[in-house]
Amino acid sequence: MKIGFKRNKADRKLLKVCGATTKADVELLAGAGADLVGLWHGVADGPAEVSVEQVTTLAEAARATGRLEPTLVTFLSDVEVLRQIIDRTGISWIQLHAYQMPAMIRALRQSVPDDLTIVKVLHLKNGKCLERPLIKAYENAGVDVFLLDVVTSDGQIGSTGQRLQAGDVADLVPSFSKPFLLAGGISAHNSGDYETVVRHPQFQGIDVDTGARNHSGRFERKNITDISRGWRTARYVEVA
């Protein structure tokens with residue numbers, strides 16, 4: 001089973017949880033209602049960084065659940081290195097979570113299988129999208145999905161736990177035509193703050209990390225199931 005925007009046109013919302021590092025994490029996420037699991041590789045000093053060997057093992061474990069789609073989450077921009085990782089791991093989703101340029105994405109698209117879903121993060125700082133001038137070029141280069149996330153005042157990107165404002169998201173969405181996922185401070189109790197975002201036809205789901213964990217930094221099943229219920233993203237749709 002695969003989850004893919006290109007092949008699935010059904011109106012369904014996804015729950016992606018980032019930062020799994022063990023098979024136990026993967027099994028917990030599958031049981032808690034997640035659809036995609038983010039595996040960090042090439043994220044400098046990332047707390048959930050794993051090796052290519054671990055990505056391979058965890059991706060196999062995710063697929064074995066019959067539910068989870070593994071997603072490579074990376075800051076890397078070397079197309080050949082990424083192609084080798086994709087070939088080795090069988091990953092069919094990749095999230096480019098840094099400032100990769102459209103030319104790099106075009107080269108990646110040309111060197112990988114057609115069914116690879118490329119997710120490009122768009123970073124908002126103080127409500128303004130840093131990549132806004134490049135959005136059309138990203139779309140033309142082969143991006144399938146955008147993920148909207150916060151960059152902090154000191155430049156931190158990824159798993160910041162800081163929230164996007166619904167008005168800033170609403171202002172940005174008309175600038176692109178692709179589906180999008182929402183990240184940044186997602187919790188079980190704040191979906192109502194994003195009512196206009198959730199109703200948008202391009203909205204495809206949420207991406208969580210900090211909100212899925214307990215005070216010790218470990219994934220907490222209740223947190224994930226509560227988020228899933230709160231955002232009504234637990235329903236899984238099989239893609240032929």
Side-chain angles (χ1 to χ4, degrees), residues 1-3 12-75 89-95 97 117 119 121 145 147-150 152 156-164 181-191 193-194 204-237:
M1 289 182 290
K2 296 286 186 182
I3 299 172
R12 65 188 178 87
K13 306 300 179 243
L14 300 173
L15 171 58
K16 176 175 172 288
V17 182
C18 260
T21 59
T22 66
K23 288 185 178 180
D25 285 344
V26 169
E27 292 165 1
L28 185 151
L29 297 182
D35 299 296
L36 301 110
V37 53
L39 307 174
W40 290 20
H41 175 72
V43 179
D45 301 319
E49 174 78 2
V50 293
S51 67
V52 175
E53 291 77 11
Q54 289 172 297
V55 172
T56 303
T57 298
L58 295 173
E60 291 174 352
R63 290 188 288 264
T65 67
R67 174 185 184 90
L68 280 178
E69 187 76 20
T71 304
L72 178 67
V73 179
T74 186
F75 290 1
T89 63
I91 289 280
S92 58
W93 279 62
I94 182 170
Q95 177 178 316
H97 203 136
T117 296
V119 182
V121 176
V145 185
L147 189 153
L148 312 186
D149 201 3
V150 172
T152 63
Q156 180 183 345
I157 58 176
S159 300
T160 66
Q162 295 193 15
R163 294 178 57 184
L164 291 173
L181 301 171
L182 182 68
I186 299 293
S187 77
H189 310 294
N190 62 11
S191 61
D193 297 340
Y194 298 93
Q204 293 296 317
I206 56 175
D207 182 18
V208 299
D209 186 336
T210 306
R213 301 177 186 271
N214 59 27
H215 294 302
S216 300
R218 298 182 180 276
F219 287 127
E220 183 69 44
R221 182 183 296 269
K222 185 178 186 301
N223 288 15
I224 299 165
T225 56
D226 286 352
I227 290 171
S228 182
R229 292 190 190 102
W231 286 77
R232 295 186 293 275
T233 54
R235 180 166 56 89
Y236 179 72
V237 179

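In this chain, residues are counted from 1 in sequence order.
Nearest heavy atoms, Leu147 versus Ala183: CD2-CB, 3.6 Å.
By the 4.5 Å heavy-atom criterion applied to side chains, Asp207 and Ile186 are not counted as neighbours. Under the 4.5 Å side-chain criterion, counting only non-hydrogen atoms from C-beta, Leu72 is not in contact with Gln95. Looking at heavy atoms from C-beta onward, Thr71 lies out of side-chain contact with Val119 at the 4.5 angstrom threshold.
Here the side chain of Glu27 pairs no donor or acceptor atom with the backbone of Ala24 at under 3.5 angstrom. In this structure a side-chain-to-backbone donor-acceptor pair under 3.5 Å is missing from Glu220 to Arg213. Proximity of a side-chain donor or acceptor of Ser187 to a complementary backbone N or O of His189 within less than 3.5 Å is detected.
Going from atom CG of Leu182 over to atom CD of Gln204 covers 12.5 Å, rounded to the nearest 0.5 Å. Rounding to the nearest 0.5 Å gives a distance of 11.0 Å between CH2 of Trp40 and OG1 of Thr21. Note that CG of Leu15 is 12.0 Å distant from CZ of Arg229, once rounded to the nearest 0.5 Å. Taking CG of Asn223 as the start and OG of Ser228 as the end, the distance is 12.5 Å to the nearest 0.5 Å.
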Between Asp35 and Lys16, does the salt bridge (charged side-chain N to carboxylate O under 4.0 Å, His left out) criterion hold? Intermediate values first, please.
CA-CA 6 Å; Asp35 299 296; Lys16 176 175 172 288; over 6 Å; no
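With a 6.0 Å radius and a threshold of 12 heavy atoms from other residues, nucleotides or ligands, Arg221 has its CZ atom above the threshold.
Every residue was checked against the ring-ring contact (aromatic ring centres under 6.0 Å, His included) condition with Phe219, not counting sequence neighbours, and none meets it.
With no hydrogens or angles considered, a side-chain donor-acceptor pair links Ser92 and Glu69 at under 3.5 Å.
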